[in-house]
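Atoms considered below: every heavy atom in the structure, side chains included; atoms not considered: hydrogens, waters and symmetry mates. So you know, we letter chains A, B, ... as the sequences are listed, proteins then strands, and number each from 1.
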Amino acid sequence: MALVLINKPIGHKLTGIEIDANIYDNGTGMAIVYTGTAHGLSDGDYVYIQSDFDEYNGFKYVDSVAYDYFRIRESENCDCVRYIQDASIQYQVSILDHGFQCVHLPIVYEIESTLYPTNTEEESYNPNTVDSYSDVDGNTRLELDQALTDPTELSKIELVGTGPLAGVYQILTVYQPWSVVIDLAYSGSLNFSGYVIVKYYDNYAINVNVYAGLDPSHRWYSEKPYELAATLKFVPDNDNRTKFSIAEILRAYINNRNNLTLDTLPNNLDFMTGFYISYFESYDQSDGEDITTFEGEVTTDDFVGYAINAKLEFKSESISHLSDYLNSGSYLANWLVLNESPVTIAGYFYDLSFILRENRGITVYQNGIGESLGNPGIGVIRVPIETTEDVCVTVWGDEYETTETENITDFFDLSEFINYSEGLTDWVTGIPQPYVVLPSFQSEFLYDDYATTSGIDYSAEYEFEVTASDPGDKLVQIVFLDNSFLVNGFSYITVNGDGTYTGSVDITPSSNGSYLAIRASTGAMTVTMKRVSITYHSETPVTIPAQQITEEICIKVLAECENTFIPDAARLLEDGSFRLLE
Amino acid sequence: MMPSILYITFLNNLGGFEYFPFYKKKEFQVDITDSGTSRNNILPSWPNSYGKNADTLEKQTFRVTRNRVIVTSQHLSLSQLNALSYIKSSTVVQIVTTRRDRRTVIVDTDSFKKYSESDKLFTLQFSFTYTDEIPSQTV
């Protein structure tokens with residue numbers, strides 16, 4: 001994948017509960033947050049960190065490593081935050097990751113290319129150098145140590161280096177994929193040492209399709225269906241990244257007016273639009289005769305956001321977008337009002353707005369008396385208040401059926417793993433890091449109880465150390481076993497020498513399982529297991545009970561006759577009555 | 001004359017609407033924002049255009065006038081003042097008579113003092129003009 005979406009406009013609602021922790025070096029220059037107790041976080045959770053060091057501060061993506069520590073990233077597809085120095089930190093956990101954004105503030109994405117301007121794919125993984133060169137009609141013919149990627153006449157290559165030859169050249173003739181003539185004047189004194197040759201993607205651009213409107217599941221989809229709002233074209237910066245805002249585009253889908261007879265009320269569809277993006281890369285390609293524009297495969301991001309006709313104050317307490325105005329569990333949504341003591345007149349129209357973040361039925365309670373508004377759909381909901389007396393208002397979401405999804409990470413205490421005796425080489429067990437000295441062939445299964453479900457995708461994250469290994473490839477297997485100790489889910493890591501191995505493998509069991517097991521095989525080595533964890537995506541049908549969505553707000557309602565009485569325009573008379581002053 | 005209720009709504013920065021009844025005395029003014037005259041050509045009708053029966057040497061061709069209202073709030077709490085003062089920052093301000101009968105107005109762009117720390121009573125004053133002109137003929 002040449003393009004990676006590394007930042008998207010995700011907002012986070014925080015608990016407000018600060019947890020003390022420390023940041024240390026994980027041994028490889030990455031920062032780890034050590035909590036000392038079970039943190040209960042899984043991959044994909046977000047935390048908000050505050051410390052005395054910029055590098056650690058802000059919203060961070062959690063990469064859970066063990067029950068009492070985790071790594072942090074800027075986002076899912078970013079590298080881990082580097083270690084700077086030990087630090088005491090406080091962090092809050094995000095209880096809701098959402099896409100509700102202010103349309104009058106930047107709505108920012110960031111995409112990284114692996115091809116331009118630095119072709120990191122070839123520079124890092126496929127370095128190509130010049131073995132020799134010669135003269136062809138005054139131009140230079142290069143003999144390379146390996147084939148170029150799709151070399152054709154008129155296409156371009158880049159000599160990457162710090163010397164005078166560094167730059168972009170056009171291919172004039174292709175003799176072989178590793179033998180080409182370029183538009184570099186021949187000289188017998190050319191020196192290509194120290195240069196890496198990579199394909200150059202001329203006129204490279206990251207293209208972004210911005211879609212605005214509503215999802216088909218929304219009640220008012222027909223009024224504002226998703227449509228392509230714009231296609232943006234960006235040339236990546238020197239760090240191969242491009243950061244851009246789509247707020248200006250989405251603003252065209254916001255109607256800044258007060259329409260009290262809008263067809264979609266109580267959903268004020270004027271003030272909200274959904275959005276998502278897809279992206280692809282484009283660059284020049286040549287078939288040897290003509291240059292055309294190549295457009296890569298389109299990737300559609302599954303993150304859906306909602307742009308609201310709002311703008312938060314600078315240094316807002318909301319911290320992350322409109323989080324204070326969204327509900328999650330017992331954390332209620334604030335109303336979209338500034339006046340803490342609203343006043344109205346009996347008989348005059350009055351309404352209150354709040355953000356409904358789910359497609360669900362709602363009931364408005366005025367002084368405890370409920371009135372259903374049905375399912376108005378996600379958006380800014382205007383609740384009309386019709387009363388002749390002071391009233392307190394709350395909104396409740398109705399009970400509904402849904403599927404709850406979450407990423408669950410299970411950590412294992414390796415000292416509890418035991419051997420399954422089949423007459424093979426036993427592990428040394430009962431210690432935090434069990435190990436096996438394998439003479440050859442296979443070890444026993446080192447296993448523990450762990451129930452798995454057929455068809456679910458599990459990801460096993462591991463760390464183990466190999467010492468005293470024979471030459472050649474060997475395997476460490478992470479498997480699921482059924483209740484008869486038969487393998488029903490399998491993965492393996494290839495071991496080709498001593499060292500520490502970390503990473504993750506995917507396992508999808510073919511039947512329900514009862515055990516998680518580890519086995520070393522196919523060669524002599526000593527394997528020491530250091531940690532293993534299993535992450536999976538859980539989808540559970542659940543009944544969401546009726547729950548309060550908004551805070552309670554109380555409105556003072558004046559009678560029309562009393563509002564013309566102005567205390568500071570009255571004088572108390574001797575008989576106890578008042579006289580109005582002109 | 002008893003003051004009437006001026007019931008105003010305005011869009012706040014959060015995407016919601018604030019409502020507030022102003023029931024202290026208001027001042028009603030007319031803003032004259034533009035006007036034009038033209039000079040009669042007296043030559044074609046000379047000397048009648050200048051003689052005893054002549055009418056005018058100059059005539060009004062158009063006038064642009066708008067109603068303007070100066071509003072002073074009743075006494076407010078500080079939190080009410082902070083919320084209501086946003087009316088001077090809002091892009092959508094309307095007089096609401098009923099749900100179906102609203103009228104957009106434009107609030108003045110003058111700087112203003114919200115309050116000073118020595119204040120014990122808080123009020124807000126602003127003016128607005130209607131978006132329509134007072135009807136008049138043009139030549």
Open item on the list: I'd like to check A:Leu338 versus B:Leu14 (side-chain heavy atoms, cut-off strictly below 4.5 Å). Are they in contact?
Closed with: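 Yes, their side chains come closer than 4.5 Å.
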- [ ] Could you check if a side-chain atom of B:Tyr19 sits within less than 4.5 angstrom of a side-chain atom of A:Ile385, using non-hydrogen atoms only?
- [x]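 In short, these two side chains do not touch, never coming nearer than 4.5 Å.
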Which portion of [X] sits near chain B, non-hydrogen atoms under 4.5 angstrom:
| X | result |
| --- | --- |
| A:Val380 | side chain |
| A:Phe271 | side chain |
| A:Asp351 | both |

Open item on the list: By the salt bridge (Lys or Arg N to Asp or Glu O under 4.0 Å) test, which pairs, at least two apart or in different chains, include something from residues 100-112 of chain B?
Closed with: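 Residue pairs with at least one partner in residues 100-112 of chain B: B:Lys88-B:Asp108, B:Arg103-B:Asp132.
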- [ ] Pick one of side chain, backbone, both or neither for B:Thr9, based on which atoms fall under 4.5 Å of a heavy atom in chain A.
- [x] side chain
Open item on the list: Counting only non-hydrogen atoms closer than 4.5 Å, does B:Gln80 touch chain A with its backbone (N, CA, C, O), its side chain (CB onward), both, or neither?
Closed with: both
Kindly compute the distance separating [atom1] ([X]) from [atom2] ([Y]), expressed to the nearest 0.5 Å.
| X | Y | atom1 | atom2 | value |
| --- | --- | --- | --- | --- |
| A:Tyr350 | B:Arg99 | OH | CZ | 14.5 Å |
| A:Tyr348 | B:Thr97 | OH | OG1 | 7.5 Å |
| B:Phe20 | A:Thr344 | CZ | OG1 | 10.5 Å |

Open item on the list: Applying a heavy-atom distance below 4.5 Å, give me the residues of residues 256-265 of chain A that approach chain B, sorted by number.
Closed with: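 Near chain B, by residue number: A:Asn256, A:Arg257, A:Asn258, A:Asn259, A:Leu260, A:Thr261, A:Leu265.
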Open item on the list: Tell me which pairs pass side-chain hydrogen bond (donor to acceptor under 3.5 Å, both in side chains) where either residue lies in residues 331-341 of chain A, with sequence neighbours left out.
Closed with: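 Passing the test, one end in residues 331-341 of chain A: no pairs.
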Open item on the list: Ignoring hydrogens, what is the shortest heavy-atom contact between A:Leu336 and B:Asn12? Give both atom names and the distance.
Closed with: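 Minimum heavy-atom contact is O-ND2, 2.9 Å.
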Open item on the list: Under a 3.5 Å distance rule, please check whether B:Asn13 uses its side chain to pair with a backbone N or O of A:Lys311 as donor and acceptor.
Closed with: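 Confirmed, B:Asn13 side chain pairs with A:Lys311 backbone.
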Open item on the list: I'd like to know if the side chain of B:Tyr7 reaches the main chain of A:Phe349, judged simply by a donor and an acceptor atom lying under 3.5 Å from each other, with no hydrogens or angles considered.
Closed with: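 Pair found, side chain donor or acceptor close to backbone of A:Phe349.
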- [ ] Please indicate whether A:Glu386 has more than 12 foreign heavy atoms, meaning atoms of other residues, nucleotides or ligands, lying under 6.0 Å from its CD.
- [x]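 No - once you tally the heavy atoms of other residues, nucleotides and ligands closer than 6.0 Å, there are 12 at most.
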- [ ] Could you tell me which residues satisfy ring pair (Phe, Tyr, Trp, His ring centres under 6.0 Å) with B:Phe126, sequence neighbours excluded, listed by chain and number?
- [x]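 B:Phe22.
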